[in-house]
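In this text the structure is predicted, and so the values were computed from the model without any measurement. Ligands are counted one by one from 1 in listed order, and the atoms in each one are counted from 1 as well.
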Amino acid sequence: MSGDVILDVREMMVSFSARRAGRKYRVQAVDGVSLSLAQGEVLGIVGESGCGKTTVGRTIVGLVQPGSGTIKFKGTEMIGAGSSSLRAMRLNVRMVFQDPNASLNPRRTIGDSVAEAGDISGFFKSRAERSAAIAATLTGVGLNPSFATRYPYELSGGQRQRVGIARAILPTPSIVIADEPVSALDVSVQAQVLNLMMDLRDQLRLSMLFISHDLGVIGQISSRVAVMYMGRVVEQAGTRTVLEHPLHPYTRALVAAIPKPDPSKRILGAIETGEPPSLFTRPHGCAYAPRCPIASDRCLVDVPTLRSVGTDGRTIACHNV
Ligand SMILES: Nc1ncnc2c1ncn2[C@@H]1O[C@H](COP(=O)(O)OP(=O)(O)O)[C@@H](O)[C@H]1O
Ligand SMILES: [Mg+2]
C-alpha cells in the first residue's frame with residue numbers, strides 16, 4: 001500500500017432541518033468530521049445508528065450538500081468544482097447503498113442499472129462494448145451475464161446487492177464508499193457479499209470507505225477504523241489497535257459488545273445500558289459524557305478535540321484517557 005492520500009475530508013459539517021413536536025429544528029448530523037483515505041486502503045467507519053455515517057458517505061459522493069468543510073479527491077477540491085471536472089471525479093468515487101431494494105429502479109433491467117454511470121458519462125464506445133462491459137461486470141460480482149435482461153423483482157436480496165456493487169464498479173472507480181452493504185441481507189449471504197467486496201478490493205485495487213454499525217464486520221475488511229459518535233470522530237486508529245486496545249470509552253463499549261462465541265464472555269457495555277443519544281438534546285460538552293463511565297466535570301462543559309496518542313497514528317477525542 002502506498003501512503004498517497006486519495007481522499008481527504010476536512011471539517012465536514014452537515015445539518016438538516018427537522019420537525020419535532022410542531023417546532024422546526026436544525027440537527028447537526030455531521031459535526032466537523034475529518035478523514036483521509038490512502039490509495040488501496042480500506043477505512044472503516046463505525047458507530048451506532050444515527051451517528052452520521054451515511055450522511056458522511058452521501059456528502060462525499062455529492063448526494064448531500066455540506067454546510068462547510070472540504071472534500072479533496074487526489075488533491076482537487078470537489079465542493080464547488082466545475083461541472084466537467086466534478087463529473088470525472090464523481091465517476092471515480094462511487095457508492096454502494098445499504099438497501100439494494102430501495103436503490104435499484106424496479107422498472108429498469110439489471111443491465112441498464114449496471115451501465116447507468118457509463119451511459120451518463122459517455123464511457124461506452126459502442127453497443128457491443130457496452131453489452132460486453134455489463135456481462136463482464138455481472139460475472140465479476142458472481143452473477144450470470146444473462147441477468148442483464150432481468151428485473152430486480154426476479155432476484156434475491158443477495159443478488160440485488162451484487163447488482164448494487166456492479167453498478168458502483170462500472171467504469172472501475174478509484175474509491176468505493178460502501179454504506180452497510182451487508183446489513184440488509186440475510187445472515188446466510190452476508191459473508192459471501194463481504195468476501196466479494198474483499199475480492200474486488202484486491203482485484204480492482206479499490207480504496208474503500210466501509211461503513212458499518214458492526215465493529216466485527218469492520219474488523220474483517222478494514223485496515224484502519226474511525227469511530228463516530230453523534231456526528232464526530234472520537235477515535236481513529238489501525239483496526240488491530242482499535243480491536244485489541246480500544247482507548248476511548250465509547251470504542252471500549254463497542255468492542256465489548258462484539259458478539260462472542262461464548263455469550264457468557266459478552267460484556268454489556270454502555271451502549272446497551274445507557275441512554276441512546278438524541279441530536280435534539282446534544283450535550284454541551286462531550287456528547288458521550290451522559291453515558292460515559294469515566295466522565296469528569298470538565299467533560300460536561302468542554303468538547304474534547306482529536307489529539308494524537310502513541311505512535312501508530314491513533315487519534316482520540318477524550319479528556320480522560
Ligand atoms: N435527509 C435527511 N433529513 C433530515 N434528517 C436527516 C436526513 N438524513 C439524515 N438525517 C439525520 O441525521 C442524523 C444522522 O443520520 P445518518 O447519517 O443516516 O446516520 P447513520 O448512517 O449513522 O445511521 C440522524 O439523526 C438522521 O435522522
Ligand atoms: Mg446509515
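The distance cut-off of 2.8 Å around the Mg ion (ligand 2) captures these protein N, O or S atoms, sorted by chain and number: T54 OG1.
For the pair R150 and F147, the cation-pi criterion (under 6.0 Å, within 45° of the ring axis) is fulfilled. Remark: R23 qualifies as a cation-pi partner of Y25 under the 6.0 Å distance and 45° angle criteria applied to the six-membered ring.
Legend: residues meeting side chain to side chain donor-acceptor pair (under 3.5 Å) with R240, ordered by chain and number and at least two apart, are E244.
With a 4.5 Å cut-off on side-chain heavy atoms, M12 and I71 count as touching.
Looking only at distances, a side-chain donor or acceptor of S121 sits under 3.5 Å from a matching main-chain atom of G118.
Counting side-chain heavy-atom gaps under 4.5 Å among Ile, Leu, Val, Met, Phe, Trp and Tyr, the cluster of I294 also holds L247, V309, I316, V321.
Counting non-hydrogen atoms of other residues, nucleotides and ligands closer than 6.0 Å to CZ of R108 gives a total above 12.
Aromatic ring pairs are classed by plane angle as parallel below 30°, tilted from 30° to 60° and perpendicular above 60°; the pair Y229 and Y288 is perpendicular. Relative ring orientation between Y151 and Y153 is described as parallel, the plane-to-plane angle staying below 30° on a 0-90° scale split at 30° and 60°.
Contact residues of ligand 1 (protein heavy atom closer than 4.0 angstrom to a ligand atom; sorted by chain and number): F16, A29, E48, S49, G50, C51, G52, K53, T54, T55, L279.
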